[in-house]
Amino acid sequence: MNELVTCTALSKRYGSLTALDHIDLHIAPGRIIGLLGPNGSGKTTLIKILTGLLRPTEGSATVNGLPIGHESKALVSYLPERMYYANWMRTSDMLQLFADFYADFHIDRAKAMCNALGIGLKTRVKSMSKGTKEKLQLILVMSRQAKLYLLDEPIAGVDPAARDFILQTILTNYSKDSSVILSTHLITDIEPVLDEVIFLGNGRVLRHESVDAIREAEGRSVDAVFREIFRTIPVGGDWPC
Amino acid sequence: MLKKLLKYDMRANMKVFLLIWPALIIFSLLGRFSLTADLQGRLDTIFSTATIIVFVLAVFAAFLFSIVLAITRFYSGLLRNEGYLMFTLPVKPWQLIISKYLTSLITIVVTALLSVVSIFILCSGIPGFTADLHFFTAFMNREFHAGSYIMLALLMLAGVSTSIFQIYLACSIGQLFNKGRILFSALFYYLINVVLSVASTTFAIIFGTSRTLQEAVISIFEGMHIQTATFVALSISLLLSAALCCVYFFVTKYILSKRLNLE
C-alpha cells in the first residue's frame, strides 16, 4: 500500500518519562485521522516528531518515504497549539513569508480566505484577537497544498462558529493525495469528518481503525468508545470513620 | 533559503534601526551646530552641553539596542513561540543560526560605522580637530601597514562574532532546561567566560614560567619590522577568535539540531 506516514518502533523519552513507547503506525494518503487520547498520552510528542521539532529517542519516522528533515518539512503543513507569529508582522508579511518558503502555498486562496473572514491584510498580528490569530494561522496552514497536515488541537478554545469554520476549511482544502492528522479532546465535533482514529494511551497505540469499522463492530460512536477506553473511576464515597 | 531568511530577519531589525540610525546623524549634526553656533554666553554652553549629552546617549542607546536585539532575535525568534514556525520551515538549522548571526553582525557593524561618522561630524566643529586627526593618522601609519588595517578590521569583526556566538551558545544550553531558561542562559554565558579566563590565565602562567616558550616567541618576532610584527600578532589573535567562533557555532548547531526543546 502507498504510505504517507510510517513510524517504526518510535519511542520518545524525557528522562525517566516515556512519552511514546515503540509506536508502529502506517497512514495512507487521502485520509482524515483523529489522534485521540487524554492529556499526556503522547499526541503532541508524536506530531512534534513528524514536524521535526523533536527527535525520537529510538525508532524512525518517515513522511512520504523521506526521513524527517528539511525535505520532509516542505511536505508537512503544521498547526501548533500556540501562536507562532513575530510581533512586528502584519497579515501580508505572514502570507508573503509562507509564499517565500513553501512552493505549495497558494497566496491568492489565503487572501480570499482572509477577506471572507474580515482579516485585513495590513492588520498587525499583535493587534488581533486570540480567535482571529487562530483563524489566520489555520488559513496559512490550509492554504498549502501539502502532503500531510498536522493539526494540534485546532478546535480547542474557539467558539462553535469558529469551530465550524475550521472543520469546513479542513474538509474543503485537503486533497485526495494528502492526509490530515488532527489531535483533539473534542471528539463529538470532529467525529463526522473523520475517516480513521488513533487512540493513544500512555505513549502506545491502543487502537488504529477506520471510524466505520468501529461503529460497525461496536454499534456506538467513537466518542462513546473513547470514554470507555479512557474511563477513570472517580475516587469518592464515604469518608473513613 | 538563507537569502529569504535574511530578508525577514533584516526587516525585523530595520523596524527599530531605521529610526535609530538617522537619529544618530541628526544628533551629531545638532551637536556640531551647537559647537559652531555663535549664541550668547550661558545659552551657548547649555545648548552645546545638552546636545552633546543627547548625542552620547544616542550612541550608547544604538549599541545597547543592537546587542539587545541580537539576543532577543535569537532567543524569541528561535527558542520561544516563533521557533514553532522557524524550525518547521524547510530550512536547515545552520541556516537559521547564520541568518540571525549575519543580521546582528550587519546591524552592529553599521551602528559602529555610523557612530564613527557621527563622531567625525560632531568633532569637525571643534577647532584644531583636523590637525589632531593628521597627527593620529601619522602615528597609526608608523605602527600599521595596509595589511594590518585589514587584519584589525577582521579582528574587530571576529570579536563581535565571538560575542554573538557565545550568546547563542549560552541561550541554546539554557533552552535545554524546562524551567528558568533565561537564568540558565545567563549562568552559562558567565560560565563560558570563566572557562575562557581560566584557560588564558593558565596559558599566561605556563608562558611566564617556561623559558623555552618565551625564547620560541622571541625567535619568531626577533629582527622583524614593527609593522610586520603587528601584522603577525593580529593574525594569531584572528585565528584564535575564528577558532572560538567555530566551536560556539558547531555546538549551538548540534544542540538546535538534536536537542531542540521548545517551550
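Lettering of chains follows the sequences in order, A, B, ..., and the numbering in each one begins at 1.
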Could you look at A:Tyr102 and say if it's the side chain, the backbone, both or neither that has a heavy atom under 4.5 Å from chain B? side chain
Nearest 0.5 Å, please: how far is NE2 in A:His70 from CE in B:Met1? 8.5 Å
Pairs touching residues 48-62 of chain A that satisfy salt bridge (charged side-chain N to carboxylate O under 4.0 Å, His left out), sequence neighbours left out: A:Arg13-A:Glu58
Please tell me if the side chains of B:Leu260 and A:Leu53 come closer than 4.5 Å, counting only heavy atoms from C-beta onward. yes
What part of A:Leu97 lies closer than 4.5 angstrom to a heavy atom of chain B: side chain, backbone, both or neither? both
Check this for me: B:Phe60, atom CZ, are more than 12 non-hydrogen atoms of other residues, nucleotides or ligands nearer than 6.0 Å? no
Would you give me the side-chain donor-acceptor pairs under 3.5 Å for residues 183-194 of chain B, sequence neighbours excluded?
from, atom 1, to, atom 2, distance (Å)
B:Ser185, OG, B:Arg181, O, 2.8
B:Asn193, OD1, B:Gln166, NE2, 2.9

Does atom CZ (B:Phe65) have a neighbourhood of more than 12 heavy atoms from anything else shown, all under 6.0 Å? no
Sort by residue number and list every residue of residues 74-93 of chain B having at least one heavy atom under 4.5 Å from chain A. B:Asn81, B:Glu82, B:Gly83, B:Tyr84, B:Leu85, B:Phe87, B:Thr88, B:Leu89, B:Pro90, B:Val91, B:Lys92
Interchain contact, B:Lys15 with chain A, by part (heavy-atom threshold 4.5 Å): side chain
For B:Arg259, is the CZ atom crowded, meaning more than 12 foreign heavy atoms sit under 6.0 Å from it? no
Which donor-acceptor pairs under 3.5 Å do the side chains of residues 107-122 of chain A make with protein atoms, sequence neighbours left out?
from, atom 1, to, atom 2, distance (Å)
A:Arg109, NH1, A:Asn173, OD1, 2.8

Using side-chain contact (heavy atoms from CB on, under 4.5 Å), reason through A:Gln96 and B:Tyr8 one step at a time and then give a plain yes or no. CA-CA 10 Å; A:Gln96 196 52 55; B:Tyr8 285 93; 3.6 Å; yes
Value for CG (B:Leu5) from CZ (A:Phe101), rounded to nearest 0.5 Å, stands at 4.0 Å
Choice from A:Met83, A:Gln137, A:Arg82, A:Lys73 maximising heavy atom contacts with chain B below 4.5 Å: A:Arg82
